[in-house]
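We number each residue from 1, following the sequence as shown. Heavy-atom basis, side chains included; hydrogens, waters and symmetry copies ignored. In listed order, ligands and their atoms are each counted from 1.
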Amino acid sequence: MAAMPVSSARPSGARVGVCRVGGGARAGVRTSAAASSAASSSLDLAGVSGGRVYNFSAGPACIYEDVLTTASSEMMNWENSGTSVMEMSHRGKEFMGIHAKAIADLRELLSIPDNYQVLFLQGGASLQFASIPLNLASAEDTADYVTTGSWGAKAIGEGKKFLKNANEAASTKSSGFTSIPATSEWSLSDDAKYVHICANETIQGVEFKTDVVPANGAPLIADMSSNFVSKPIDVSKYGIIYAGAQKNVGPAGLTVVIVRDDLIGNARADCPTMQNYAIMAENDSMYNTPPCYSIYMAGLVFDKLNKMGGLEAVEKVNIEKCAHIYDAIAGSDGFFNCPVDMTCRSAMNIPITIVNEDADKRAELEKAFIAEAGDLGMVALKGHRSVGGMRASIYNAMPIEGAEALAAFMKEFKAKHA
Ligand SMILES: *Cc1c(COP(=O)(O)O)cnc(C)c1O
């Protein structure tokens, strides 16, 4: 296998780090590294062309290629406005239109009921870990948290700074964050102001497969950063849904917060203005300068998802994509493993390990896997530093060909190294 780094071999000006969409071979220039590697591999990575790669990054992650093409064609002069979207006043009619359409398209996509507001905020999902208690509870109040992975652990950690009682109603930490505890096992508080879950744990690959209902009747708050708009959900089951955009939507810088009306207007007196849902809702998320370009890009994605047939259609492809990889694990006679319980395996983030009693050998094989995949144009497969191994993030914009290529590579790698 040629060891030439992809980056040094890529023609100058070619883009890195975003996967292509649309499938099938295309008359493009393959990177010389990918081409030379492919020559020593039986794999034909037809989708890797034009200097682009299959990007399995957990975030920022791949963006639909046709969305990038549209953004690129509109870069210099958006709809004859004479400026790029980045240069527009956020108070001008052009940007106000872009903003309003992005919200309308997201409302359509998720069938968001009228008694919910869509806020386009900043600070990432991480700032919401603080905004939620600041808007929904006083310092003396109680809130419940269900911890099924690293992000849920961060959410309760931040909650503890702002709440007298941030109660961990359930945690799967002792079993390595590989399952979702049944709602009947959650130790909920009668007086909880809310119940917080992480709908998809990006690092551990653990996903809630249904919309759950907490038995204490408290509003359910869900961090959906890494499975937002990946499948249909019933928004009415949630008090708040929030997501950083850089996983499944578009560029970083935008945080989408969908919040039920009755949860707006109860912020603490000392809640920072920028974190106050009521102020943001009253000002149409434009109390200050919003992340204009990220909103524009998110709007292009929401529009595309509606045109693809909505979230039923999107989910269908996502299930097919993850099945390729889970099947490759299952069919590897124990060479590969995914530690996550069958019932809650994420369709978006798939942790993969190589099974070997010899820890050094295992590390060596995993390193070889990541390097050889990289040579073939499949990048960012290294597992999170906290769990090791590999991880394939296959968000909406990862084309099915990318998942097929990875599954084919896994079979080939196993045949060579088992
Ligand atoms: C990435 C991620 C976060 C953190 O998002 P930021 O926007 O970087 O703050 C939080 N929760 C989940 C589930 C994530 O995947």
Which protein heavy atom lies closest to [atom], and at what distance to 0.1 Å?
atom	value
atom 1 (C) of ligand 1	Lys247 NZ, 1.5 Å
atom 5 (O) of ligand 1	Ala125 CB, 3.6 Å
atom 9 (O) of ligand 1	Ser126 OG, 2.6 Å
atom 11 (N) of ligand 1	Asp223 OD2, 2.6 Å

Quiz item: For Asn200 and ligand 1, does the shortest N/O to N/O distance drop below 3.5 Å?
Solution: no

Quiz item: Does any N or O atom in Gly244 lie less than 3.5 angstrom from one in ligand 1, N or O only?
Solution: no

Exercise. Assess whether side-chain hydrogen bond (donor to acceptor under 3.5 Å, both in side chains) is satisfied between Thr178 and Asp341, documenting all intermediate values.
Key: CA-CA 6 Å; Thr178 53; Asp341 216 82; 5.7 Å; no

Practice problem: Would you mind running through ligand 1 and noting each atom that sits below 4.0 Å from a heavy atom of Cys198? | Solution: 13 (C)

Quiz item: Of all the atoms in ligand 1, which lie at a distance below 4.0 Å from a heavy atom belonging to Thr202?
Solution: 12 (C), 13 (C), 14 (C), 15 (O)

Quiz item: Do His196 and Ile156 come within less than 4.5 Å of each other through their side chains, counting heavy atoms only?
Solution: no

Quiz item: Can you find a pair of side-chain heavy atoms, one from Thr202 and one from Arg391, that are under 4.5 Å apart?
Solution: yes

Exercise. State yes or no: are the ring centers of Tyr194 and Tyr145 separated by less than 6.0 Å?
Key: yes

Quiz prompt | By side chain to side chain contact (heavy atoms under 4.5 Å, CB included) - contacts of Asn356 (at least two apart) | solution = Asp358, Lys361, Arg362, Leu365

Exercise. Would you please classify the geometry between the His99 ring and the Phe120 ring as parallel, tilted or perpendicular, with 30° and 60° separating the classes?
Key: perpendicular

Exercise. Could you check whether the rings of Tyr242 and Phe129 sit parallel, tilted or perpendicular, using 30° and 60° as the cut-offs?
Key: perpendicular

Self-check item: Heavy-atom neighbours of Asp114 CG exceed 12 at 6.0 Å
Solution: no

Answer yes or no for [X]: is there a heavy-atom contact with ligand 1 below 4.0 Å?
X	result
Gln246	yes
Leu127	no
Gly59	no

Quiz item: Should the proximity of Lys154 to ligand 1, defined as any heavy atom under 4.0 Å, be assigned to the side chain, the backbone, both, or neither?
Solution: neither

Exercise. Please lay out, stage by stage, how Arg268 and Asp270 fare under the test salt bridge (charged side-chain N to carboxylate O under 4.0 Å, His left out).
Key: CA-CA 5 Å; Arg268 297 180 197 180; Asp270 60 358; 5.2 Å; no

Self-check item: Shortest heavy-atom approach to atom 10 (C) of ligand 1 - which of Phe228, Tyr242, Trp151
Solution: Trp151

